[in-house]
Amino acid sequence: MKLKSILNQIIKDTFVKAGIEAKPISVSEASKPEFGDYQFNGAMALSKKLGKTPREIASQIIANIGDTELISKTEIAGPGFINIWLDSKWVASRLDEMRLDDRLLIEKNTTPMTTVVDYSSPNMAKQMHVGHLRSTIIGDTLVRLFDFLGDEVILQNHIGDWGTQFGMLIAYMESSGEDTYSSLGDLEQFYKDAKIKFDSDSDFANTAREYVVRLQSGDDYCLKLWQQFIGVSLTHCEDIYAELGVLLGRNDVRAESSYNECLPAIAKELKAKGIATESDGALCVFVDGSDTPLIVQKGDGGFLYATTDLAAIKYRARELEAQRISYVVDARQSGHFKQLFDVAKRAGFVNKSVILEHVSFGMMLDKSGRPFKTRDGGTVKLANLLDEAVARAKQMIEERGTQKPEDIDEVAHTIGIGAVKYAELSVNRQSNYIFDWNKILSFDGNTSLYLQYAYARIQSILRSHGTKLEGKILLIDELEVRLGVMLLKIEDVLRSASRESMPHYVTSYLYELSTLFMKFYEHNPILKNNVDPKIRDSRLLLADLTAKTIRQGLDILGIKVLDKL
RNA sequence: GCACUCGUAGCUCAGCUGGAUAGAGCACCCGCCUUCUAAGCGGGCGGUCUCAGGUUCGAAUCCUGACGGGUGUACCA
């Protein structure tokens, strides 16, 4: 439920009733429990405009709140804050509705927005490395989030499958003559070997160069080799996707090369519209605020990634009818996207109303704050990173010794992959972040394990109880009320995370929810002997609803829960 | 040089459209398991929110400048 909107509407109504001619600002969550559940801080700002003291305005607002079942108490505090307490009976009955609803009272958008999410986008010439992790994980969460809230989501994996290096790669693949799949088992090595041969063997280099030309002119033989190469490389990516449990599949691939045919028309159209002009022999679009232009066509007639991106954005807006296009790409390309969006709108490839956003993110750094590399300075392959995560998780649970031997591998996988994903998602995506194994695989603090532990603890209580849950939720203790209100906030959190493409809003919420539950649990016994049956039933229901909310939140993050830890 | 971005506790990070005494986790110190998972909970220590101005009743948040870090800067993607 959209709790904040409901409260905002109440405040808005009081403005009308009181004849206050101003637009109220939004209520905000109370900064402290003593200040209630929500607070309205708009009275101070209106003081000058209305010629009244903030406290006068505040009391005018309060006087007009009238009879509403969801607010139990209001007060004017300090200079003119209005503190608002929700009625615990009202909260309790909403929670009773929530636990009977699969969607936890989270509404589905009545008018779905067609949203394209462009993410992962690995280069087919190389193995996936840690640089692809953030895009893949953040993008996947956005897809799940948008979809859950009811938007029409279209996944786009804009794989890099075109460029001069493929001439060399297919020539080398041909000459190595081995079984293609196994020889491409380590793409990184394959690329290096090809490069060595290219640099040392002039006949091979000539063949490679010839293959680039033949490839670009549509030669059947080279195209066949190239398709074979891309096919194998893509399968490697799919292995990683399966390991990570992300949604991307072969149907979501819309490769760079698929836009090749449209590129001349894009350049022509930009030129015809007078948007692109020639400069130093290249066809360029100059954009206000950038001193370097977006180059649409090279001096030699070739096209660049900017042209491909323009073709792609046009395809997404026109063919896919996207109303929102999100590019989950690292922050270094912010300049490029600024130009791209400007040109796309100016050229009319995309309507003005379409939301174009660069969901940018920072770099992954190691513990000492340097770019995350292997000991010898190479890029860390994603496959190795994920293997290490699972291996470390396995070691931990073996030491703990609470899992059955046959379950260990699966549990280790859930924990290890979950920890890596959560680490990516829980920090503000815009800044660089430090990747530290000890931190991400910890049970303390804002980690996936802490949430999984909270969930597992609740499952354990439910198992001990055994029988079906009964009764109603009663909110008596202060911690119960706070937990209850927190549970009702989930939709507001998901909505703002979706609006701003900020997955860490969700992780922060889940962490706060889990810590609140832990406190509640420590202070309010559930199954102990002296607990009144009605209260016991209520607390069981509250625990169960908390678990469901954690599970739903983690599901949107693409992280699995465990019944036992 | 120019552009973008960041600067919050010893470390890693939250802090939403400006609001009350700036919050977590780690580390360090102290307490809590005969009973629901102690991978937990409670308490303590720790801050000139880089600095200087400005706007405002009110600034970590907005604006300007300085300093410091990162990134990008014409035919690679």
Side-chain angles (χ1 to χ4, degrees), chain A residues 25-26 28-32 34-35 39 41-42 44-45 47-48 53-54 77-81 83 121 123 125 160 162-165 256 279-284 289-300 302-306 308-309 330-336 338 360 362-363 365 367 369 396-397 400 402 426-428 430-434 436 438-439 442-447 449-450 452-454 456-465 492-493 496-497 499-500 502 504-505 507-508 511-512 515 518-519 521-523 525-531 536 539-540 543 564-565:
Chain A
I25 61 163
S26 174
S28 50
E29 279 149 62
S31 52
K32 285 176 188 195
E34 308 93 272
F35 300 148
Q39 54 183 242
N41 304 328
M44 280 88 79
S47 173
K48 198 170 273 179
T53 67
F81 297 101
N83 294 336
S121 308
N123 187 328
W162 201 248
T164 51
Q165 75 265 47
E256 278 182 351
S279 169
D280 284 347
L283 190 62
C284 300
S290 310
D291 35 356
T292 57
L294 191 76
I295 299 178
V296 176
Q297 192 168 17
K298 296 196 281 185
D300 67 4
F303 298 102
L304 298 107
Y305 74 114
T308 310
D309 281 347
D330 78 89
R332 285 177 298 194
Q333 297 202 38
S334 63
H336 169 67
K338 219 170 167 182
S360 72
M363 286 191 302
L365 307 174
K367 217 173 155 182
M396 283 171 56
I397 54 180
R400 189 157 198 240
T402 52
S426 58
V427 290
N428 186 334
Q430 303 193 79
S431 47
N432 293 340
Y433 88 108
I434 310 266
D436 176 3
N438 292 330
K439 192 186 164 194
S442 164
F443 295 79
D444 301 313
N446 187 9
T447 63
L449 268 174
Y450 182 85
Q452 285 167 330
Y453 177 59
R457 249 181 137 172
I458 295 171
Q459 298 314 309
S460 170
I461 298 163
L462 298 175
R463 273 196 303 274
S464 305
H465 175 64
D492 285 337
V493 172
S496 56
R499 194 171 49 245
E500 297 177 48
M502 286 292 205
H504 84 281
Y505 291 176
T507 60
S508 295
Y511 178 57
E512 215 178 318
T515 52
M518 291 285 197
K519 282 178 197 169
Y521 167 89
E522 296 283 343
H523 296 285
I526 299 176
L527 296 180
K528 297 191 180 178
N529 295 331
N530 52 353
V531 181
R536 184 200 58 209
R539 289 178 180 167
L540 280 165
K564 196 179 166 198
L565 255 177

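Side chains included, hydrogens not; waters and symmetry mates left out as well; all remaining heavy atoms used. Below, chains carry the letters A, B, ... as their sequence lines are ordered, and counting in each starts from 1.
Between the C1' atoms of B/C75 and B/G70, the separation comes to 27 Å (whole Å). Going from the P atom of B/C33 to that of B/C49 covers 41 Å, rounded to whole Å. Taking atom P on both nucleotides, B/A60 is separated from B/A22 by 9 Å, rounded to a whole Å. Straight-line distance between the C1' atoms of B/A66 and B/G25: roughly 34 Å, to the nearest whole Å. Nucleotides B/G54 and B/C16 place their P atoms 24 Å apart, quoted to the nearest Å.
Rounded to whole Å, atom P of B/C36 lies 15 Å from atom CG of A/L462. Rounded to whole angstrom, the span from the CE atom of A/M518 across to the P atom of B/C36 amounts to 15 Å.
The partner of B/G31, taking Watson-Crick or G-U wobble pairs whose two distances both stay under 3.5 Å, is B/C41. Across the strands present, B/U48 finds no partner; the criterion is a Watson-Crick or G-U wobble pair with both atom distances under 3.5 angstrom. Judged by Watson-Crick or G-U wobble contacts below 3.5 Å, the nucleotide B/A60 has no partner. Nucleotide B/G1 forms a Watson-Crick or G-U wobble pair with B/U73, both donor-acceptor distances falling under 3.5 Å. In this entry B/G18 has no Watson-Crick or G-U wobble partner, no candidate having both defining distances under 3.5 Å. When Watson-Crick and G-U wobble pairs are counted only if both distances are under 3.5 Å, B/C26 pairs with B/G10. Using the Watson-Crick or G-U wobble rule with both distances under 3.5 Å, B/U55 pairs with nothing in any strand shown.
The backbone N or O of A/Y511 lies less than 3.5 Å from a partner atom in the side chain of A/T515, making a donor-acceptor pair.
Proximity of A/T292 to the phosphate of B/A74: no side-chain N or O atom is located under 4.0 Å from OP1 or OP2. Residue A/K32 has no polar side-chain atom (N or O) positioned under 4.0 Å from OP1 or OP2 of B/U21. A sub-4.0 Å separation between OP1 or OP2 of B/C41 and a side-chain N or O of A/Y450 is present. Proximity of A/K367 to the phosphate of B/U12: no side-chain N or O atom is located under 4.0 Å from OP1 or OP2. In terms of phosphate contacts, A/H504 brings no side-chain nitrogen or oxygen within less than 4.0 Å of OP1 or OP2 of B/C16.
One cannot find a donor-acceptor pair under 3.5 Å joining the base of B/A24 and the side-chain atoms of A/T515. For A/N83 against B/A20, a side-chain N or O and a base N or O form a donor-acceptor pair under 3.5 Å.
We find the NZ-CD distance between A/K32 and A/Q39 to be 10.5 Å, quoted to the nearest 0.5 Å. From A/S426, atom OG reaches atom NZ of A/K439 across 6.5 Å, with rounding to the nearest 0.5 Å.
Mapping A/T164 and A/G78 onto RNA chain B by nearest heavy atom places A/G78 closer to the 5' end of the strand.
When all heavy atoms are compared, the tightest approach of A/N432 to A/M363 is OD1-N, 2.7 Å. When all heavy atoms of A/I526 and A/A543 are compared, the pair lying nearest together is CD1-CB, 4.5 Å.
Residue A/A456 is in base contact, counting any heavy-atom pair closer than 4.0 Å across all strands shown. Contacts of A/G335 with the nucleic acid, taken as non-hydrogen atoms under 4.0 Å apart, are absent.
An anti orientation is assigned to B/C57, its glycosidic angle lying beyond 90° of 0.
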